[in-house]
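Accompanying notes for the structure given below.
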Amino acid sequence: MKKRSNFAVCRNLIGLVKPLIGYMALAVLLGLAGHLCAAFITILGGYAILSLLDLVSLSVGAAFLCAGIFALLRGILRYGEQSCNHYIAFKLLAILRDRVFRALRRLCPAKLEGKDKGNLISVITSDIELLEVFYAHTISPVAIAFLMSLTMCLFIGQFSWLLALLAAAAYLTVGVAIPLCTSRVSGDDGLRFREKSGELSSFVLDSLRGLPETIQYQRGPERLAQMNERTRRLAGDEERMKRTGGRNMAVTNTVILLFDLAMLLSAEALYQNGQITYSGLLLSVLALMSSFGPVVALANLGSTLQNTFAAGNRVLDILEETPAVEEVTGQEEVGFSGAKAKNVTFSYGGERILEDVSVTIPQNSVVGITGRSGSGKSTLLKLLMRFFSVQQGDIRISRREIHRINTENLRRLESFVTQETHLFHDSIANNVRIAKLSATREEIVEACKKASVHEFIQHLPQGYDTPVGELGDTLSGGERQRIGLARAFLHDAPFMLLDEPTSNLDSLNEAVILRSLGEERRGKTVVLVSHRKSTMRIADMVYSVENGRMS
């Protein structure tokens, strides 16, 4: 994880507010007016006392009338401020989620293969949700606190600039010094808490997926003990953060009390020396005592913001992650007329996967690739899909370098069936339709027939409308694999890349699918990766990959 300063995280998060700057300005104005109304309710009480002493011209009735109006306005303005802030927050959270999912799509699949899925789920759910605190309860409160402090200093300054300087010192201490000290004391507690929260989410997700194995080998108590220990450590971190927040609140209230006392004593001393009137003494003290609300809100943010900034840091990691390959646009469209890899070398994580590999894939042919597990067969297919960029050598589609083909154009030319087919929590028909959203039911049925899965679907209670369980757990590996093949047939791309397409199938279903592939040869080019010799019988030519080398 990239470590950013809180200022950098704050700057980047505030940058997202630009489209909603009008709402933000309105929220600040409403908030400032509301806090001024709240403060002047108390100050008007001082004016009422001074009216009884005949020290001001404002009548007691007028003072109470104004106080009543301010009290009503305070509620209305507070509602307006919160409405604006929450509109901004939820609108920005929607924008942020959209940007995060767009970033994940750019990073997929190369940059997500090594990512902890549970941690990713934590980022796109709880971490983004936590940023609501920043947008709804941080940005405008900071601006409101500054403007409110400035206004009250000017009000007190009309009686004595010495008292105004004392008020400024009080506002700076409570609104700036205390939050900074609390933030420093908190250190990386917030970041550690978010990381451990993500790790716990990942552990729980992993435990749920592995529940059958856990039950089979009677490892439930050990797994539960590990989960409880992780939860206990996370609760300890949260307790420490809340303890810091409690100390912060205690310090804040003590400092406010001391500044109130200092203002009272200073104003009394100035009154005794004849430097201010009794009106100045009373109103200055009341003004300070009634105006700490906005800066207290900042003081309380000192500990909670650490958690928020940690969440923002994790979200920014995704948004600023550089994809393994950039999307290509603006190039001339191409059709498919064959593919070729020449002297391709590729390493992943410091390990050499392919070395000086060359392969020619003529149009309308079936090319087989065999080799031991880990020899680089699947990696070659991913390079042909441009999931990774070639480090040395050259890959061309239709005699054009693959990095000069529009990404959307390349995806239309290719169908890719992986060893593990992912199924969405939806109907079987919709799981197949993902390959072609405009497909009719007849087209889906035809694709499933070619994949030898139509008969199986027909015997299900709801046929093609049968829901598929989460992660496809309600189907066997072979059934999922055949649905993956049906997607490839429905996509109807001229260049098909099949990675172990029959590994989970029996010989009968394999024969049906190979026959379908043979029938599809007209207008289709197929690269077929398989361990099985029987699968290779439809290939026009077969390459063998051993230890990253082609033969």
Side-chain angles (χ1 to χ4, degrees), residues 28-29 31-71 73-74 77 141-181 248-300:
V28 171
L29 290 175
L32 175 61
H35 281 291
L36 286 174
C37 286
F40 272 89
I41 291 173
T42 304
I43 294 171
L44 284 167
Y47 274 106
I49 294 172
L50 294 172
S51 177
L52 292 173
L53 298 174
D54 292 327
L55 296 177
V56 295
S57 58
L58 183 69
S59 67
V60 174
F64 276 101
L65 178 62
C66 290
I69 294 172
F70 283 176
L73 285 175
R74 168 60 174 160
L77 292 168
V142 169
I144 291 169
F146 171 76
L147 294 173
M148 179 73 176
S149 300
L150 180 62
T151 303
M152 297 311 293
C153 284
L154 292 174
F155 178 79
I156 296 171
Q158 67 180 318
F159 305 112
S160 169
W161 284 108
L162 289 174
L163 296 181
L165 290 174
L166 179 60
Y171 298 139
L172 287 171
T173 301
V174 175
V176 178
I178 291 178
L180 288 177
C181 290
N248 169 66
M249 188 174 295
V251 170
T252 299
N253 290 333
T254 301
V255 169
I256 289 174
L257 183 61
L258 291 175
F259 271 111
D260 285 341
L261 183 60
M263 176 63 79
L264 179 62
L265 294 175
S266 300
E268 195 275 336
L270 292 174
Y271 173 71
Q272 292 293 341
N273 291 332
Q275 294 179 266
I276 59 171
T277 63
Y278 181 75
S279 299
L281 183 153
L282 180 62
L283 295 177
S284 296
V285 172
L286 290 177
L288 181 68
M289 289 182 173
S290 63
S291 60
F292 275 111
V295 290
V296 167
L298 298 189
N300 293 336

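Values below: every heavy atom of this structure, side chains too, minus hydrogens, waters and symmetry copies.
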Thr254 side chain near Leu258 side chain, heavy-atom distance below 4.5 Å:
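Yes. Closest side-chain heavy atoms under 4.5 Å.
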
For the residue pair Leu270 and Leu281, establish whether any side-chain heavy-atom pair is separated by less than 4.5 Å.
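They are not in side-chain contact.
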
Heavy atoms of other groups near Met289 CE, more than 12 under 6.0 Å
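For Met289, atom CE is crowded (more than 12 foreign heavy atoms under 6.0 Å).
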
Under the side chain to side chain contact (heavy atoms under 4.5 Å, CB included) criterion, do Thr252 and Asn248 qualify, and how do the steps go?
CA-CA 6 Å; Thr252 299; Asn248 169 66; 3.9 Å; yes

Let me confirm one number: the [atom1]-[atom2] distance from [X] to [Y], rounded to the nearest 0.5 Å.
X: Leu172; Y: Phe146; atom1: CG; atom2: CZ; answer: 10.0 Å
X: Leu36; Y: Met152; atom1: CG; atom2: CE; answer: 7.0 Å
X: Tyr171; Y: Leu166; atom1: OH; atom2: CG; answer: 10.0 Å
X: Thr151; Y: Ile144; atom1: OG1; atom2: CD1; answer: 11.5 Å
X: Asp260; Y: Leu286; atom1: CG; atom2: CG; answer: 10.0 Å
X: Leu44; Y: Ser290; atom1: CG; atom2: OG; answer: 10.0 Å

Using every non-hydrogen atom in the two residues, find where [X] and [Y] come nearest and quote the distance to one decimal.
X: Val56; Y: Tyr47; value: CG2-O, 3.7 Å
X: Gly34; Y: Leu77; value: N-CD1, 3.6 Å
X: Ile276; Y: Leu163; value: CD1-CD1, 4.1 Å
X: Met148; Y: His35; value: CE-O, 3.4 Å
X: Val295; Y: Ser149; value: CG1-OG, 3.6 Å
X: Phe159; Y: Ser284; value: CD1-OG, 3.5 Å

Donor-acceptor pair, distance only, cut-off 3.5 Å: does the side chain of Ser291 make one with the backbone of Leu288?
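Looks like yes, one N/O pair under 3.5 Å.
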
